[in-house]
Trainee: 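One structure is given below, represented as structure tokens, and several questions about it will come after.
Bear in mind the structure is a predicted one, so any value in this text is a computation, not a measurement. Chain letters run A, B, ... following the sequence lines, proteins first, then strands; residues in each count from 1.
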Amino acid sequence: MAGEIRTRFAPSPTGYMHIGNLRTALYEYLIAKRNNGKFILRIEDTDQERFVEGATDVIYKTLELAGLRHDEGPDIGGPCGPYIQSERKGSYMEYAKKLVDTGAAYYCFCSKERLAAVKEEIEKNGGTYRYDRHCLGLSKEEIDRKLAAGEPFVIRQKMPDTGSTSFEDAVYGTITVDNSELEDQVLIKSDGLPTYNFANVVDDHLMQITHVVRGNEYLSSTPKYNLLYQAFGWDIPTYIHVSTIIKPDGRKMSKRTGDPSFEDLLSQGYLVEAVINYVALLGWSPGTTQEIFSLKELEQAFDIHGISKSPAVFDINKLNWMNGEYIRSMTTEQFHNVASPYYSDALKSSGIDTFKISKLMQPRTEVLTAIPATVDFFESLPEYDIAMYEHKKMKTDTANSLTGLKAVMPVLEGVAVWDNDTLYAALTGLAQSLGVKNSQILWPIRTALSGKDVTPGGATELAEILGKDESIRRIKIGIDKLTRAV
RNA sequence: GGCCCAUUGGUCAAGUGGUUAAGACACCGCCCUUUCACGGCGAUAACAGGGGUUCGAGUCCCCUAUGGGUCACCA
């Protein structure tokens, strides 16, 4: 383990994996892989009040779906277990007491009521509340007496009275904060469990984490962590703080405002690979113009240097494009596999060759969920307005559409092989012999076949898929409609 | 409010004192074309503002503005 790069993903189980979390996990995974290191999963569940049933399963499932395999974790074990903080609670108190012994921490018996009162008083006068160190001056005897009497207590970190604390961040550089800004934060809560701030440091050390990746909301508490590392005499990890992912309106992505989680995106028709690729590039640049990266390629290319400091807007447009790129790079068979669930049962049992539909759909699909509404007309001809036959650029109107469709009938009846090429040759031949533009024949047919103004493929492609009988039936319907109107 | 951080086109972003300030998405136009897409070509569009330092500043320093974070026995 010595000398090895070790990163960790340390979510608290809330039951919702938002995109920012996913990106953090991804970066941690990539840093580990890039350096032949280990990627560790640790569950931070020290907040009993926020416990959510089944939430850890969401985490396992997401990592697995995303392909971010961890090397150590609650489900697979490892040399630094247990990997669930609530199962490690015994050791935190021990470490906190070590700090008490060296004077880097102290017992505090202040009630929440007293703290609240002090805070209210200070804020009433426009001041900034910070714990007033009421218990710092307690004598040894007094402390022992209170402890023996079973009084509830917390353990607080003692911040230096003077000077300042600096730390290095791989993204933001050197950051210095005046020690007077630092509060004597709680390390051990009155329920005996550690706070996140403390458990995090202890566990990162015990698990020999070398690179800590987290959201930059932790930037301001990092000096306190450094002080803890120093008090213990432990090595300080490389900090990598990443910016937030925001929405076009500038607000943070959140579950509350209905923003999609990783799983939501998948169910909205995005491919895992595309989401991973997109998220990797949200806040990181490879320094080249390459944009399409498989996870394997990211493992090779990822470099901390390319992480950006400023927040990134989650742009669904670009994700759409990227999803389309992934779809287009598939083989037809692969696309057919992912598209098939979006074809209705009725369509699949209609005798229509859905593989041919997939062929047409592949270059036209960005998001899988758009498929049903695009192919519905294959299943049954929708009601449509004959105004659709009028098209300026195609030089069609209801009158010449009607004559066109009538002229088309015998050609279709007589065609030898019912496929796109043959049909196209026959119909353009017809147009030529009639002295009209191809579009004047093909546009009315496409309209009659689909009843839609936009279709995935042209008249003859649709005709091939619909088959001779159905195509002719639909064209007759078109002729009827037009005849009644003219 | 104190402290910390950020700011290159609408969006993602390259850029580490000397560039005509890349590339991509979106948008717009043209080509291809049996609609739509795909593909190809092209156009519009940016260093937040002001002071310095320097022969020279998107790059370094200061101020201002705007945005974000943080100030819990939450993580």
Side-chain angles (χ1 to χ4, degrees), chain A residues 10-12 14 44-47 49-50 108 110 112 115 119 123 126-131 152-156 169 172-173 175-178 180-183 185-191 193-197 199-200 214-223 241 243-244 246 248 250-252 278 281-291 305-306 308-322 324 328 360-366 374 388 391 393-394 424 427-428 431 437-447 450 452-462:
Chain A
S12 55
T14 62
E44 311 230 333
D45 59 345
T46 53
D47 187 359
E49 288 171 20
R50 277 219 248 168
C108 170
C110 292
K112 289 186 184 177
L115 261 22
K119 181 174 182 178
E123 287 180 350
T128 303
Y129 167 76
R130 220 162 277 140
Y131 178 61
F153 67 90
V154 301
I155 295 180
R156 288 181 183 273
D169 182 87
Y172 290 90
I175 293 174
T176 303
V177 171
D178 220 76
S180 62
E181 295 292 326
L182 274 22
E183 185 184 29
Q185 64 174 347
V186 171
L187 266 21
I188 299 286
K189 297 182 276 191
S190 54
D191 63 3
L193 287 174
T195 57
Y196 164 85
N197 293 315
N200 211 252
R214 53 159 89 112
N216 67 6
E217 65 267 27
Y218 293 100
L219 224 35
S220 57
S221 38
T222 302
H241 287 95
S243 65
T244 38
I246 58 178
R251 304 173 73 95
K252 270 176 81 168
Y278 177 68
L281 259 31
L282 250 195
W284 174 75
S285 164
T288 65
T289 56
Q290 183 179 352
E291 293 202 286
H305 178 75
S308 71
K309 300 180 179 62
S310 40
V313 173
F314 187 89
D315 180 9
I316 199 75
N317 265 327
K318 185 128 188 185
L319 176 58
N320 286 341
W321 166 79
M322 192 169 276
R328 289 189 290 276
L360 291 183
M361 288 301 290
Q362 187 171 6
R364 286 168 245 258
T365 303
E366 283 197 328
T374 311
M388 260 184 217
H391 194 289
K393 197 173 164 219
M394 297 301 116
Y424 188 73
L427 292 169
T428 51
K437 291 171 62 80
N438 289 344
S439 62
Q440 286 174 300
I441 294 299
L442 295 167
W443 175 269
I445 297 176
R446 198 189 58 79
T447 304
S450 67
K452 303 186 91 166
D453 53 0
V454 171
T455 51
T460 56
E461 290 165 305
L462 301 188

Trainee: A:Arg328 near the nucleic acid: base, sugar-phosphate alone, or nothing, with a heavy-atom cut-off under 4.0 Å?
Mentor: sugar-phosphate
Trainee: From C-beta outward on A:Met394, which listed nucleotide comes closest to its side chain: B:rC73, B:rA75, B:rU35?
Mentor: B:rU35
Trainee: Give the rounded distance in Å between these two atoms: CZ of A:Phe314 and C1' of B:rC25.
Mentor: 13 Å
Trainee: Looking at B:rG69, B:rA75, B:rC36, which one has an atom nearest to any side-chain atom of A:Lys252?
Mentor: B:rG69
Trainee: Would you compute the distance between atom CD1 of A:Ile441 and atom CE of A:Met394 and round it to the nearest 0.5 angstrom?
Mentor: 13.5 Å
Trainee: On a whole-Å scale, what distance lies between the P atoms belonging to B:rU59 and B:rC71?
Mentor: 33 Å
Trainee: Checking contacts here: which listed nucleotide (B:rC73, B:rC25, B:rU35) is nearest the side-chain heavy atoms of A:Asp315?
Mentor: B:rC25
Trainee: Quick check: do A:Arg364 and A:Val454 have side-chain heavy atoms less than 4.5 Å from each other?
Mentor: no
Trainee: Among B:rU35, B:rA6, B:rU70, which nucleotide sits nearest the side chain of A:Arg446?
Mentor: B:rU35
Trainee: Let's test this: given Watson-Crick or G-U wobble pairing with both distances under 3.5 Å, identify the partner of B:rA43.
Mentor: none
Trainee: Can you tell me the base-pairing partner of B:rG10? Count Watson-Crick or G-U wobble geometry only, both distances below 3.5 Å, and say none if there is no partner.
Mentor: B:rC25
Trainee: Using only heavy-atom distances, decide whether a donor-acceptor pair under 3.5 angstrom links the side-chain of A:Thr460 to the base of B:rU34.
Mentor: yes
Trainee: Please measure how far the C1' atom in B:rA6 lies from the corresponding atom in B:rA13, and state the result in whole Å.
Mentor: 16 Å
Trainee: Without decimals, in angstroms, what is the distance between A:Asn317 CG and B:rA26 C1'?
Mentor: 5 Å
Trainee: Consider the side chain of A:Tyr196, meaning its heavy atoms from C-beta on, and name the nucleotide among B:rA75, B:rU11, B:rA26 that approaches it most closely.
Mentor: B:rA75
Trainee: Using a heavy-atom cut-off of under 4.0 Å over every strand shown, decide if A:Asn200 touches base, sugar-phosphate, or nothing.
Mentor: nothing
Trainee: Does the pair A:Glu217/A:Lys252 count as a salt bridge with the N-to-O cut at 4.0 Å?
Mentor: no
Trainee: How far does the P atom of B:rC74 sit from the matching atom of B:rU66, given to the nearest Å?
Mentor: 35 Å
Trainee: Hey, does the side chain of A:Tyr218 reach the backbone of A:His241 with a donor-acceptor pair shorter than 3.5 angstrom?
Mentor: no
Trainee: Which value, in whole Å, describes the distance between the C1' atoms of nucleotides B:rG15 and B:rU7?
Mentor: 15 Å
Trainee: With a 4.5 Å heavy-atom cut-off, do A:Glu183 and A:Thr128 have their side chains touching?
Mentor: no
Trainee: Measure CG/A:Leu319 against C1'/B:rC12 and give the value in whole Å, please.
Mentor: 12 Å
Trainee: Which is true for A:Lys112 with a 4.0 Å heavy-atom rule: it touches a base, it touches only sugar-phosphate, or it touches nothing?
Mentor: base
Trainee: Go through B:rU33, B:rA6, B:rC38 for me and flag the one nearest to the A:Lys393 side chain.
Mentor: B:rU33
Trainee: Classify the nucleic acid contact of A:Glu183 as base, sugar-phosphate or nothing, counting any heavy atom under 4.0 Å across all strands shown.
Mentor: sugar-phosphate
Trainee: Could you tell me whether the side chain of A:Leu360 reaches within less than 4.5 Å of the side chain of A:Glu461, counting heavy atoms only?
Mentor: yes
Trainee: Using atom P in both nucleotides, what's the gap between B:rA22 and B:rU44 to the nearest angstrom?
Mentor: 12 Å
Trainee: I want to verify a distance call: between B:rA75, B:rA24, B:rU70, whose nearest atom is closest to the A:Tyr218 side chain?
Mentor: B:rA75
Trainee: With side chains defined as the heavy atoms from C-beta onward, is the minimum distance between A:Lys318 and A:Glu291 less than 4.5 Å?
Mentor: yes
Trainee: Are A:Thr447 and B:rU35 close enough that a side-chain N or O sits under 4.0 Å from OP1 or OP2?
Mentor: no
Trainee: Rounding to an integer number of angstrom, what distance separates B:rG18 and B:rG58 when you compare their P atoms?
Mentor: 10 Å
Trainee: Nearest to the side chain of A:Pro311 - B:rC36, B:rA6, B:rU34?
Mentor: B:rA6
Trainee: So, OP1 or OP2 of B:rA75: does either fall under 4.0 Å of a side-chain N or O from A:Lys189?
Mentor: yes
Trainee: Could you give the distance separating B:rC4 and B:rC62 at their P atoms, to the nearest angstrom?
Mentor: 12 Å
Trainee: Select base, sugar-phosphate, or nothing to describe what A:Ala312 touches, counting heavy atoms under 4.0 Å on all strands.
Mentor: sugar-phosphate
Trainee: When you match A:Gly287 and A:Pro456 each to their closest nucleotide on RNA chain B, which lands nearer the 5' end?
Mentor: A:Gly287
Trainee: To the closest 0.5 Å, what do you measure between CD1 (A:Ile445) and CG (A:Leu442)?
Mentor: 5.5 Å
Trainee: Of all the choices, B:rA72, B:rC5, B:rG2, which nucleotide is nearest to the side chain of A:Glu181 once you look at every atom?
Mentor: B:rG2
Trainee: Mind checking the P distance from B:rG51 to B:rA43? Whole angstroms is fine.
Mentor: 34 Å
Trainee: How many Å lie between CD on A:Glu217 and C1' on B:rA75, as a whole number?
Mentor: 9 Å
Trainee: Under a 3.5 Å cut-off for both distances, is B:rC71 Watson-Crick or wobble paired, and to whom?
Mentor: B:rG1
Trainee: If you take atom types as modelled and just measure distance, does the side chain of A:Ser190 reach the base of B:rC73 with a donor-acceptor pair under 3.5 Å?
Mentor: yes
Trainee: Can you tell which of B:rA14, B:rC74, B:rU34 lies closest to the side chain of A:Ser285?
Mentor: B:rA14
Trainee: Within the 4.0 Å heavy-atom criterion, would you say A:Thr176 contacts the bases, only the backbone, or no part of the nucleic acid?
Mentor: sugar-phosphate
Trainee: Please give the nucleotide sitting opposite B:rU59 as a Watson-Crick or G-U wobble pair, both distances under 3.5 Å, or none.
Mentor: none
Trainee: Please determine, for B:rA48, whether a Watson-Crick or G-U wobble partner exists with both distances under 3.5 Å, and give it or none.
Mentor: B:rU64
Trainee: Using a heavy-atom cut-off of 4.0 Å across all strands, would you classify A:Val313 as base, sugar-phosphate, or nothing?
Mentor: sugar-phosphate
Trainee: Is any side-chain nitrogen or oxygen of A:Tyr278 closer than 4.0 Å to OP1 or OP2 of B:rC12?
Mentor: no
Trainee: Can you tell me how far C1' of B:rA72 sits from NZ of A:Lys119, to the nearest Å?
Mentor: 6 Å
Trainee: For A:Ser308, answer base if it contacts any base atom (sugar-phosphate contacts may also be present), sugar-phosphate if it contacts only those atoms, and nothing otherwise; contact means non-hydrogen atoms under 4.0 Å.
Mentor: sugar-phosphate
Trainee: Rounded to the nearest Å, what distance is computed from the NZ atom of residue A:Lys309 to the C1' atom of nucleotide B:rU7?
Mentor: 11 Å
Trainee: Is there a side-chain contact between A:Tyr424 and A:Asn438 (heavy atoms, below 4.5 Å)?
Mentor: yes
Trainee: What is the separation between atom CZ on A:Arg130 and atom P on B:rC71, rounded to the nearest whole Å?
Mentor: 12 Å
Trainee: Is there a side-chain contact between A:Thr222 and A:Asp169 in this structure, where contact means two heavy atoms from C-beta onward sitting under 4.5 Å apart?
Mentor: no
Trainee: Under 4.0 Å, heavy atoms only, any strand: does A:Ser310 hit a base, just the sugar-phosphate, or nothing?
Mentor: sugar-phosphate
Trainee: My understanding is that a pair needs two contacts under 3.5 Å, Watson-Crick or G-U wobble. By that rule, which nucleotide pairs with B:rU20?
Mentor: none
Trainee: Students often get this wrong, so: under 4.0 angstrom with heavy atoms, is A:Met322 touching a base, only sugar-phosphate, or nothing?
Mentor: nothing
Trainee: Select from A:Gly457 and A:Ile175 the residue whose nearest nucleotide in RNA chain B is closer to the 5' end of that strand.
Mentor: A:Ile175
Trainee: How many Å lie between CG on A:Asn320 and C1' on B:rC27, as a whole number?
Mentor: 15 Å
Trainee: Quick one: is A:Lys318 getting a side-chain N or O under 4.0 Å of the B:rA24 phosphate, OP1 or OP2?
Mentor: no
Trainee: Indicate, yes or no, whether a donor-acceptor pair under 3.5 Å links the base of B:rA6 to the side chain of A:Tyr172.
Mentor: no
